Amino acid sequence: MGWTDPVHGQLDTGAELVDVTFKDKVDGAGEVTDTLLAPGFVSDIQPGVDHVHAWGQDTDSPDHHDLRDGNPMFPGSPGLF
């Protein structure tokens, strides 16, 4: 199926709500297989650009990796991307 349209939302970092944009990759069965997450409200997120990949979020061992070269996306919340 491919990538969904970007969605603007908010993420609870524990100390505050922060604006984020995300979009999901959906397989032929309609299951989400990957998620791109970017800080703030942006018009689109492309793989390999300023974003986080998050996958397995519905399992006992969710995982993610930060592909950015800069500082942590949420420095006030260690371990949150």
Side-chain angles (χ1 to χ4, degrees):
M1 297 266 320
W3 293 100
T4 62
D5 291 334
V7 176
H8 296 149
Q10 292 186 312
L11 183 66
D12 184 353
T13 65
E16 62 181 342
L17 294 176
V18 294
D19 296 338
V20 294
T21 302
F22 70 93
K23 68 180 184 179
D24 295 325
K25 188 172 189 179
V26 181
D27 65 14
E31 300 291 325
V32 174
T33 60
D34 198 354
T35 298
L36 303 182
L37 176 71
F41 293 157
V42 296
S43 61
D44 198 8
I45 312 169
Q46 295 299 318
V49 185
D50 187 16
H51 70 277
V52 167
H53 273 276
W55 64 93
Q57 301 302 301
D58 58 349
T59 70
D60 290 336
S61 301
D63 208 347
H64 68 273
H65 65 268
D66 192 337
L67 295 181
R68 299 170 314 120
D69 293 326
N71 296 323
M73 186 176 290
F74 305 109
S77 302
L80 184 64
F81 305 108

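Predicted model, so just to flag it, every value in this text is computed and none were measured.
- Without hydrogens or angle criteria, D24 side chain to V26 main chain gives no donor-acceptor distance under 3.5 Å.
- Following chains of ILVMFWY side-chain contacts shorter than 4.5 Å, one can reach V20 starting from V7, so the two form part of one hydrophobic cluster.
- Here D44 pairs with K23 under the salt bridge (Lys or Arg N to Asp or Glu O under 4.0 Å) rule; sequence neighbours left out.
- Taking every heavy atom of both residues into account, P6 and S43 meet most closely at CG-O, 3.4 Å.
- Listed by first and then second residue, the ring-ring contact (aromatic ring centres under 6.0 Å, His included) pairs involving residues 11-30 amount to none (not counting sequence neighbours).
- Between T21 and the options V42, L36, L37, a side chain to side chain contact (heavy atoms under 4.5 Å, CB included) holds for only V42.
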